[in-house]
Amino acid sequence: MFDNISEEYLNIDNVEKLQEFQCEDEIQVENFLKEESYNLMERNLVRTRLFFDQDKNLIGFYSLFNDTIKMSKQKREQMDVSLPDKVKEIPAIRLHYLGVDSRFRKNYYGAFILTSALYHCARISEMSGCTLITVESTKKAKTFYEKFDFQYICPKVPYYNYALNTKYLAHLLDN
């Protein structure tokens with residue numbers, strides 16, 4: 001089913017395709033892609049990866065950036081994170097946005113795109129020692145991230161913070 005899907009980083013050659021993206025039920029996702037993603041990429045703050053079908057229709061995307069996060073000792077233990085003494089912040093990769101065009105929903109593209117994001121996060125972690133992948137989930141998307149073993153950390157109105165320890169992604173690199 002996914003054999004005809006191609007992925008590439010957002011660049012000047014595909015920026016016009018962003019205007020075709022529709023995500024009416026989560027307008028902030030659509031607005032980010034159309035209005036902010038390219039500017040942030042040019043400033044080297046975010047990397048956005050686009051997914052196209054065989055007809056070059058934009059199916060979806062995800063954006064990543066480097067992050068740090070503080071969490072209580074109890075949450076660190078729950079997340080299996082062990083910090084050196086006096087270190088307070090945990091290195092993380094933020095899954096800034098993930099979106100699937102409304103016209104392509106119900107075809108498991110979201111899972112496919114998240115798996116690609118997790119694979120790339122595992123590679124980044126392998127190279128830089130990054131411990132967590134974090135995401136600020138909308139209420140609607142909470143169950144989606146929980147299916148991939150993201151653990152709830154805390155609320156951040158109007159979002160819900162989730163995290164996943166990168167050491168549990170090693171199996172993605174063995175292929």
Side-chain angles (χ1 to χ4, degrees), residues 1-11 13-38 40-41 46-65 67 79-80 92-126 130-153 156 158-175:
M1 174 178 182
F2 301 115
D3 293 339
N4 295 324
I5 303 300
S6 64
E7 57 183 285
E8 58 188 78
Y9 284 107
L10 173 59
N11 62 59
D13 297 330
N14 55 33
V15 75
E16 287 182 19
K17 282 286 188 183
L18 305 183
Q19 298 312 312
E20 299 170 10
F21 188 80
Q22 297 176 20
C23 191
E24 304 89 3
D25 57 337
E26 297 210 33
I27 198 67
Q28 71 273 26
V29 174
E30 180 177 331
N31 288 343
F32 168 77
L33 183 64
K34 290 179 175 181
E35 299 170 11
E36 297 178 51
S37 61
Y38 187 74
L40 293 173
M41 190 261 331
V46 171
R47 286 291 175 258
T48 297
R49 220 160 156 83
L50 307 174
F51 293 77
F52 297 96
D53 68 9
Q54 67 276 5
D55 298 319
K56 290 300 276 177
N57 294 308
L58 179 57
I59 293 170
F61 75 98
Y62 69 81
S63 295
L64 300 175
F65 69 84
D67 198 8
M79 295 291 307
D80 196 17
I93 304 163
R94 170 66 57 94
L95 177 56
H96 190 50
Y97 280 97
L98 184 150
V100 176
D101 187 294
S102 303
R103 297 165 293 183
F104 294 95
R105 302 266 175 87
K106 307 287 187 213
N107 292 305
Y108 301 101
Y109 289 124
F112 179 79
I113 292 170
L114 181 57
T115 301
S116 174
L118 295 177
Y119 170 78
H120 285 92
C121 288
R123 298 276 320 254
I124 293 166
S125 176
E126 183 180 52
C130 194
T131 306
L132 297 174
I133 302 167
T134 61
V135 64
E136 289 180 350
S137 175
T138 62
K139 184 175 185 177
K140 182 178 178 183
K142 284 172 36 176
T143 328
F144 174 74
Y145 292 110
E146 289 168 355
K147 288 179 188 175
F148 286 86
D149 296 325
F150 278 79
Q151 294 182 33
Y152 175 75
I153 299 172
K156 186 175 180 185
Y159 301 103
Y160 301 83
N161 280 348
Y162 279 84
L164 178 68
N165 193 315
T166 57
K167 73 171 121 185
Y168 302 120
L169 301 178
H171 66 281
L172 293 174
L173 300 177
D174 294 338
N175 297 331

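We count residues from 1, following the sequence as given. Any value given below was found using the heavy atoms of this structure, including those in side chains, with hydrogens, waters and symmetry copies removed.
There is no side-chain donor-acceptor pair under 3.5 Å between S102 and Q22. Side chain to side chain, N31 and E36 fail the donor-acceptor criterion of an N or O pair below 3.5 Å. Between the side chains of Y162 and E146, a donor-acceptor pair is found at a separation under 3.5 Å.
Within the model, atoms OH of Y160 and NZ of K139 stand 5.0 Å from one another, a figure rounded to the nearest 0.5 Å. Put simply, NZ on K167 and OG1 on T131 are 8.5 Å apart, with the number rounded to the nearest 0.5 Å. Note that CG of L118 and CG of L164 are 6.5 Å apart. Values are rounded to the nearest 0.5 Å. We find the CD1-CG distance between I133 and L64 to be 8.5 Å, quoted to the nearest 0.5 Å. Summarising the geometry, atom OH belonging to Y159 is positioned 8.0 Å from atom OG1 belonging to T138; distances are rounded to the nearest 0.5 Å. For the atom pair CD1 of I113 and CZ of F2, the computed distance is 9.0 Å after rounding to the nearest 0.5 Å.
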T134 vs N161, side chain to side chain contact (heavy atoms under 4.5 Å, CB included): CA-CA, chis, key distance, verdict:
CA-CA 7 Å; T134 61; N161 280 348; over 6 Å; no
Run Y97 and L33 through side chain to side chain contact (heavy atoms under 4.5 Å, CB included) and show every step you take.
CA-CA 9 Å; Y97 280 97; L33 183 64; over 6 Å; no
Kindly indicate, with the supporting measurements, whether the criterion side chain to side chain donor-acceptor pair (under 3.5 Å) is fulfilled by E8 and N14.
CA-CA 9 Å; E8 58 188 78; N14 55 33; 2.8 Å; yes
With side chain to side chain contact (heavy atoms under 4.5 Å, CB included) as the test, would you mind laying out the steps for L10 and L18 before giving the verdict?
CA-CA 9 Å; L10 173 59; L18 305 183; 3.9 Å; yes
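Between F21 and F61, the gap from one ring centroid to the other is short of 6.0 Å. Residues Y145 and F150 place their aromatic rings such that the two centres sit under 6.0 Å apart. The ring of F144 has its center closer than 6.0 angstrom to the ring center of F148. With ring centers used as reference points, F32 lies under 6.0 Å from H96.
With respect to the salt-bridge test (charged N to carboxylate O, under 4.0 angstrom), the residues E16 and K56 do not qualify. A salt bridge links E30 with K34: at least one charged nitrogen is closer than 4.0 Å to a carboxylate oxygen.
No donor-acceptor distance shorter than 3.5 angstrom exists from the side chain of T48 to the backbone of S37, with no hydrogens or angles considered. Side-chain N or O atoms of N107 include none that pairs as donor or acceptor with a backbone N or O of Y109 at under 3.5 Å. Side chain of D55 to main chain of D53: no donor-acceptor pair is present (N/O by atom type, distance under 3.5 Å, no hydrogens or angles). Side-chain atoms of T115 come within 3.5 Å of backbone N or O of A111 as a donor-acceptor pair.
Residues V46 and S63 share a closest heavy-atom pair of CG1-CB, 3.5 Å. Taking all atoms of both residues into account, the shortest heavy-atom contact from L132 to M79 is CD2-CE, 3.8 Å.
E126 meets the side chain to side chain contact (heavy atoms under 4.5 Å, CB included) test with R123, L173; sequence neighbours excluded.
Among the candidates H120, R47, E7, the single residue satisfying the side chain to side chain donor-acceptor pair (under 3.5 Å) test with Y62 is H120.
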